[in-house]
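Working notes for the structure below.
Just so it is clear, the values below take in all heavy atoms, side chains as well, and ignore hydrogens, waters and symmetry mates.
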Amino acid sequence: MKVLVTEKLADVAVDFLRKEGFEVDTLYDLSPQELLERIGEYDGLIVRSATKVTAEVIERAGRLKAIGRAGIGVDNIDLEAASRRGILVANAPESNTVAAGEHTLGMMLAVARRIPHADASLRERQWRRSAFKGVEVAGKTLGLIGIGHVGSIVARGALGMRMRVLAYDPYVAAERMRDMNVEPAESLEQIYREADFISLHVPKTPQTVGLVDEKAISMMKPTAYIINVARGGIVDEKALYRALKEGRIAGAAIDVFEDEPATDSPLFDLPNVVVTPHLGASTVEAQDRAGVTAAEQVAAALRGGVPVNAINAPVPVGEGAESVAQFAGLCEILGRLLYQLTDRPGNILKVEYRGEIADRDTRLLDVAAQKGLLTNMVHEPLNYVNTPALTRERGLRVETSRIPESSDYTSLITLRLEGGAGESVVSGTLIGPKMEPRLVEIQGYTMDIIPEKHMLFILNEDVPGMIGRVGTILGNHGINIGNMAVGRGAPGTRAAMAITVDEPVPEAVLQEILKIPGFRDARFVTLS
């Protein structure tokens, strides 16, 4: 598979992809038209912030399966168009958090102590100590709007400088903030009124564009400073300029701008402003981490997995997230098996979680089960991005249930497919230190067998000699048995066999089995 890299990555990131067996082209100076002409050749794409991955680019990308963004935001990628085409998009959200947090603290100290202006004055051979009197940050209130990864780093640094930290973030619990020695604010207005330094740490969305506007600034102290190392456009630059020029706030430190590159802003002419050209993530370490993370995400997606930083696919979060991901393959196997054991697929898929797995974030597993079920139903290539939409298009309703207790297994997953033909049921779990998948219930029969690519499922009367008859027929046709499990009802009533074989079982062989009295059903299934 081929991966296109359109912006400079660390050499170690490109080397990683090549060592993983991918063919990598690094084409850093492609024009938008050239990108349109070339994108159809590639399975993976890695960009930074300059490359615009528009709907038109995605439409031309007939082979594209994954896009990696070497950075936090995905503003330059048409996420809706990518999701519609089943293209997974992943970023590197934590690659530059340390760099952005440190830059925020540096900008705060720079504007508080007027360091850049003092530096420029001295370079002009002027000794003007009294002209650059600053303010201390110790004892002052830092107001954080948003306290995610970067905001948390800034909070720790500020607390180390003996600042009071006040934060507003509706997505972070107040108790969590208190654990960080951060005081939760009841509203944005409290931040605006009480903070001496206001630092922004929110994404750019329709809700946050112009968040710090004329009205917000009017609530601030005349001694307040605004710091923005998040995203351009969150601060209304015209309103900020007027407030700074008129002395209604003390100063600002701005790293990001509404339109970039920004080389002619009126803010540049004000003496109470510190500006940098979007340097929040510009450290050697952050750039290397972003590139490597993006490469890892694309490689994982191209192998059929779900990268941990996927933007448009369900990634498990919270406690036990890593263990949840291990169950995805099992759920897909159960879905494939369920479809092939059902004569007329129903319209309700029930996913039941028992034991420890019931307490986890299982959205990924819900999709994995649907993906397995739909594999033989649809012609489109399925992945974790487009499967939910295709499930809805087919009118399949998905219901989930959770039962904290499981008497026989630490975690157990059961799929039930309901429809006009009744209910079909399969169950599975992961066992042992290697977390090997096991099928433990098939159509009401208790079994224990490791799923393999080629399997044979047989329903028969529970009478002596049935296993031997099946073995004889398979042997006569040169079909080798790998493993077998047997389940039964009450003695002498009914039974079932699950058999792994080394090669496909032809329909003629199945019919030969069914001609023998006592055999009710025989199905060959493929699980990969």
Side-chain angles (χ1 to χ4, degrees), residues 3-20 22 24-30 35 42-53 57 64-79 82 87-107 146 148-154 200-204 228-232 255-257 260-261 276-303 305-313 315 317:
V3 177
L4 173 63
V5 179
T6 61
E7 298 174 63
K8 179 65 177 174
L9 297 185
D11 291 341
V12 66
V14 176
D15 290 343
F16 165 80
L17 289 169
R18 288 178 174 147
K19 288 177 182 176
E20 291 294 308
F22 298 102
V24 184
D25 288 342
T26 53
L27 304 176
Y28 299 148
D29 298 315
L30 289 179
L35 178 60
Y42 297 95
D43 305 278
L45 172 66
I46 299 179
V47 302
R48 286 194 182 275
S49 58
T51 303
K52 306 303 179 186
V53 188
V57 170
L64 199 63
K65 301 176 184 67
I67 302 171
R69 162 72 164 90
I72 293 182
V74 289
D75 306 352
N76 56 319
I77 300 170
D78 192 320
L79 201 58
I87 298 170
L88 192 145
V89 180
N91 63 351
E94 297 185 24
S95 59
N96 64 0
T97 53
V98 172
E102 290 181 354
H103 196 67
T104 301
L105 293 166
M107 293 286 274
H149 293 299
V150 177
S152 299
I153 292 170
V154 174
L200 299 159
H201 301 283
V202 294
K204 184 178 181 180
N228 187 13
V229 185
R231 281 286 182 267
D255 181 54
V256 289
F257 299 86
E260 295 182 356
T276 51
H278 203 145
L279 298 181
S282 294
T283 65
V284 172
E285 296 86 352
Q287 296 297 300
D288 286 356
R289 278 194 299 269
V292 171
T293 300
E296 291 172 342
Q297 304 299 288
V298 167
L302 292 181
R303 293 194 195 99
V306 179
V308 296
N309 297 325
I311 299 295
N312 57 347
V315 178
V317 297

**Fill in**
Looking only at heavy atoms, the pair that brings Gly68 and Ala294 closest together is C-CB, 4.4 Å
**Request:** Rounded to the nearest 0.5 Å, what's the gap from CG on Leu64 to CG on Leu88? Could you check?
**Result:** 10.5 Å
**Item:** Main-chain N/O of Ala286 paired with Asn96 side-chain donor or acceptor, under 3.5 Å
**Value:** no
**Prompt:** Which residues satisfy the ring-ring contact (aromatic ring centres under 6.0 Å, His included) test with Tyr42, sequence neighbours excluded?
**Reply:** none
**Request:** Would you please say whether a donor-acceptor pair under 3.5 Å links the side chains of Thr276 and His103?
**Result:** yes
**Request:** For Asp288, enumerate each residue passing the side chain to side chain donor-acceptor pair (under 3.5 Å) test, keeping only those at least two apart in sequence or located in another chain.
**Result:** none
**Message:** Could you report the tightest heavy-atom contact between Ala300 and Pro307, atom names first, then the distance?
**Reply:** CB-CG, 4.3 Å
**For Leu302, side chain to side chain contact (heavy atoms under 4.5 Å, CB included) partners two or more places apart** = Met1, Val3, Phe22, Asp43, Lys65, Ala66, Val298
**salt bridge (Lys or Arg N to Asp or Glu O under 4.0 Å) partners of residues 88-101, not counting sequence neighbours, each pair once** = none
**Fill in**
Sorted by chain and number, sequence neighbours left out, side chain to side chain donor-acceptor pair (under 3.5 Å) with Arg18 holds for none
**Asked** Rounded to the nearest 0.5 Å, what separation is found between the CG atom of Asn76 and the NZ atom of Lys52?
**Response** 5.5 Å
**Fill in**
So CG of Leu35 and CG of Leu4: to nearest 0.5 Å the spacing works out to 7.0 Å
**Asked** Mind checking what makes salt bridge (charged side-chain N to carboxylate O under 4.0 Å, His left out) contact with Asp75, not counting sequence neighbours?
**Response** Arg231
**Asked** With sequence neighbours left out, what residues match Val74 under side chain to side chain contact (heavy atoms under 4.5 Å, CB included)?
**Response** Arg69, Ile77, Val89, Asn91, Ile311
**Fill in**
Across all chains, not counting sequence neighbours, the side chain to side chain contact (heavy atoms under 4.5 Å, CB included) partners of Val98 are Glu102, Ile153, Arg289
**Request:** Indicate yes or no for a side-chain donor-acceptor contact from Gln297 to the backbone of Asn309 under 3.5 Å, with no hydrogens or angles considered.
**Result:** yes
**Prompt:** Are the side chain of Gln287 and the backbone N or O of Ala10 linked by a donor-acceptor pair below 3.5 Å?
**Reply:** no
**Partner set under salt bridge (charged side-chain N to carboxylate O under 4.0 Å, His left out) for Lys8, not counting sequence neighbours** = Asp11
**Request:** State whether a side-chain donor-acceptor pair under 3.5 Å links Thr293 with Ser95.
**Result:** no
**Asked** Where the side chain of Glu260 meets the backbone of Phe257, is there a donor-acceptor pair that is under 3.5 Å apart?
**Response** yes
**Prompt:** Would you say Arg48's side chain and Glu7's backbone share a donor-acceptor pair under 3.5 angstrom?
**Reply:** no
**Message:** So if I apply the side-chain contact (heavy atoms from CB on, under 4.5 Å) rule between Val53 and each of Ile87, Asp78, Val47, which one comes out positive?
**Reply:** Val47
**From Asn228 atom CG to His201 atom NE2, the distance as rounded to the nearest 0.5 Å** = 8.5 Å
**Message:** Going by side chain to side chain contact (heavy atoms under 4.5 Å, CB included), name the residues that satisfy it together with Ala295, two or more places apart in sequence or in a different chain.
**Reply:** Ala13, Phe16, Leu17, Ile46
**Prompt:** What distance separates Thr26 OG1 from Leu9 CG, expressed to the nearest 0.5 Å?
**Reply:** 9.0 Å
**Asked** With sequence neighbours excluded, what pairs up with Thr97 under the side chain to side chain donor-acceptor pair (under 3.5 Å) test?
**Response** none
**Request:** Go through the structure and list residues passing side chain to side chain donor-acceptor pair (under 3.5 Å) with Ser152, not counting sequence neighbours.
**Result:** none
**Item:** Closest approach of Leu279 to Asp255 (non-hydrogen atoms, all atoms of both residues)
**Value:** N-OD1, 2.6 Å
